[in-house]
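The chains referred to below are lettered A, B, ... by the order of the sequence lines, with proteins before strands, and numbering in each begins at 1.
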Amino acid sequence: MKINAPKGTRDILPGEIAGWQHVERVFADVCARYGYQEIRIPTFEQTDLFERGVGDTTDIVQKEMYTFEDKGGRSMSLRPEGTAGVVRSFLENGMASLPSPVRLYYNITAFRYENVQKGRYREFHQFGVEAFGAQGPAIDAELISMLDLYFKSLGLEKTSLRINSIGCPQCRGEYQQKLKAFLEPHLSELCGNCQERFNKNPLRIIDCKEDQCQAITADAPTQLDHLCPDCQIHFDGLKDQLDALALDYTIDPRIVRGLDYYTRTVFEFISDHVGTQGTICGGGRYDGLIAEVGGPQTPGIGFALGVERLLMELEAQSVPLLAARPITLYLAYLGGGEMAARSICYRLRKKGIRVDTDLMNRSLKAQMKFAGKSGAEFIMVLGEDEIESGQASLRSLARREVETIVRLDDLAALLLDIQDMPAEQQDQVINHYSL
RNA sequence: GUGGGAUUAGCUCAGUUGGUUAGAGUGCCAGAUUGUGGCUCUGGAGGUCGUGGGUUCGAUUCCCAUAUCCCACCCCA
């Protein structure tokens, strides 16, 4: 029986790992510059946490969670997102008593039982950030500027930011009444889904992509026009903050977001290269979530970024990613040189040099071939003559003509100098060691 | 949960109007007078033609089911 990777999962192979490591490194670096610290949380939690945190009316919790009973009869779920677990950890570890705001970031896999398509997997990767304890819009703008800096650091130029405010529970309730009153006369013209949404979650109707629904909701009242004074002040403040940072944004009253916990500020970074799954990054404020999970009333805000989608966007925009670092030296050997070659190889590796050598007893010709395909920068052949004289020829594999006789005793120092150096600068160093 | 397309060698794909030992390119291993790679030539390994049923003298080919992949609805990152 043939065993495949489970539907919706995939292997990240050595050939593509460089891109992943690159976006991870740059993300960690940007987070550090903003004073965000990494947190690592469990892959599964008590199901109850997600029901309360993500919202038990959401599709994510109702239809898409990997839920199982453990051997103690407890209901557990694989995390469908990161925020709930981080909030749980924040409370459990007394982080509320740390100086505010508490700023955390994470790099996780998350799991949702959905049908797979472009940019959507059952196991997927998210980078995320959560900040607790800051009330005003400055932190909203900080998160957005962080993402802007991150995208720019990666070389991703064409990202579009959309922001909206979905108000607080008070003004949202009033707005929902107005929205329903507006939609009521058109109820029969809405698509089937939206007719169901009318009672369950009318907000989602203005997010519907069906043409007939968009036509009806085009003139619908927006939450943005019905914010309470406090929410309005917050949203105006956010715009001032973004203007001060010279960040471009579009106000999109149709952004709703499918997680129950959002309040006030919501935002998305959109791509048009990821099929219909265009949201690379989504986030917002969740001032009620911490209390909902059982903690004190604490404001919070965060975002999550889809790593697979980010990588697709980078590829679509032809952004060069850091390549894997090649082997610096391939150490080939002939019969009598084998043990000396092994010993030198180990010594070089201890010094931090990337070295490869043959383990298959191959002919010299085969070793050369292998070295050439391995992408190694330099090659050296060790036989009895070289061991005896303590000298050997160091040759560039990419630039055949570059060949220099050097002392084996100097080899470590030489390679350490030229490792990771641009090719055109290497020659000078090599000449310095030349006999 | 619902649709459309696909599945043949490690990878990219031909092919068979149903008929003996199923092909190419590429990759892998080896060799081309036992000390210097990328080109070329030769040889080799590698496939129960996604899986399970059915029709048939005979199925990789036709039919049904199922799994997986890709795309879309929905939802989200």
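Between A/R79 and A/E81, none of the side-chain N atoms (NZ, or NE/NH1/NH2) sits under 4.0 Å from a carboxylate O, so this pair counts as no salt bridge. A salt bridge does not link A/R407 with A/D409: none of the charged nitrogens is closer than 4.0 Å to a carboxylate oxygen. We find that A/D427 and A/R399 are joined by a salt bridge, their nearest charged nitrogen and carboxylate oxygen being less than 4.0 Å apart. Checked for salt-bridge contact, A/R103 and A/E142 meet the test: a charged N lies under 4.0 Å from a carboxylate O.
Closest to the side chain of A/E386, out of B/rC71, B/rG31, B/rG35, is B/rG35.
Close to B/rC28, at under 4.0 Å from its OP1 or OP2, lies a side-chain N or O of A/K373. Between A/K7 and B/rC69 there is a side-chain polar atom (N or O) within less than 4.0 angstrom of OP1 or OP2. Between A/R10 and B/rC69 there is no side-chain N or O to OP1 or OP2 distance below 4.0 Å. Side-chain N/O atoms of A/K365 include none lying less than 4.0 angstrom from OP1 or OP2 on B/rU36. For A/Q117 and B/rC71, the shortest distance from a side-chain N or O to OP1 or OP2 is not below 4.0 Å.
Using a 4.0 Å heavy-atom distance criterion, A/K63 is classed as making no nucleic acid contact. A/A304 comes within contact range of the sugar-phosphate backbone alone, with a heavy-atom separation under 4.0 Å but no base atom that close. Contact annotation for A/L305: no contact, since no heavy-atom pair falls under 4.0 Å across all strands. Contacts of A/G8 with the nucleic acid, taken as non-hydrogen atoms under 4.0 Å apart, involve only primed sugar atoms and P, OP1 or OP2. Residue contacts for A/Y121: at a heavy-atom cut-off of 4.0 Å it reaches a base atom on one of the strands shown.
Whole-Å rounding puts the A/Y333 OH to B/rG37 C1' distance at 17 Å.
Going from the P atom of B/rC49 to that of B/rU60 covers 6 Å, rounded to whole Å. A gap of 23 Å separates the P atoms of B/rU16 and B/rC11, to the nearest Å.
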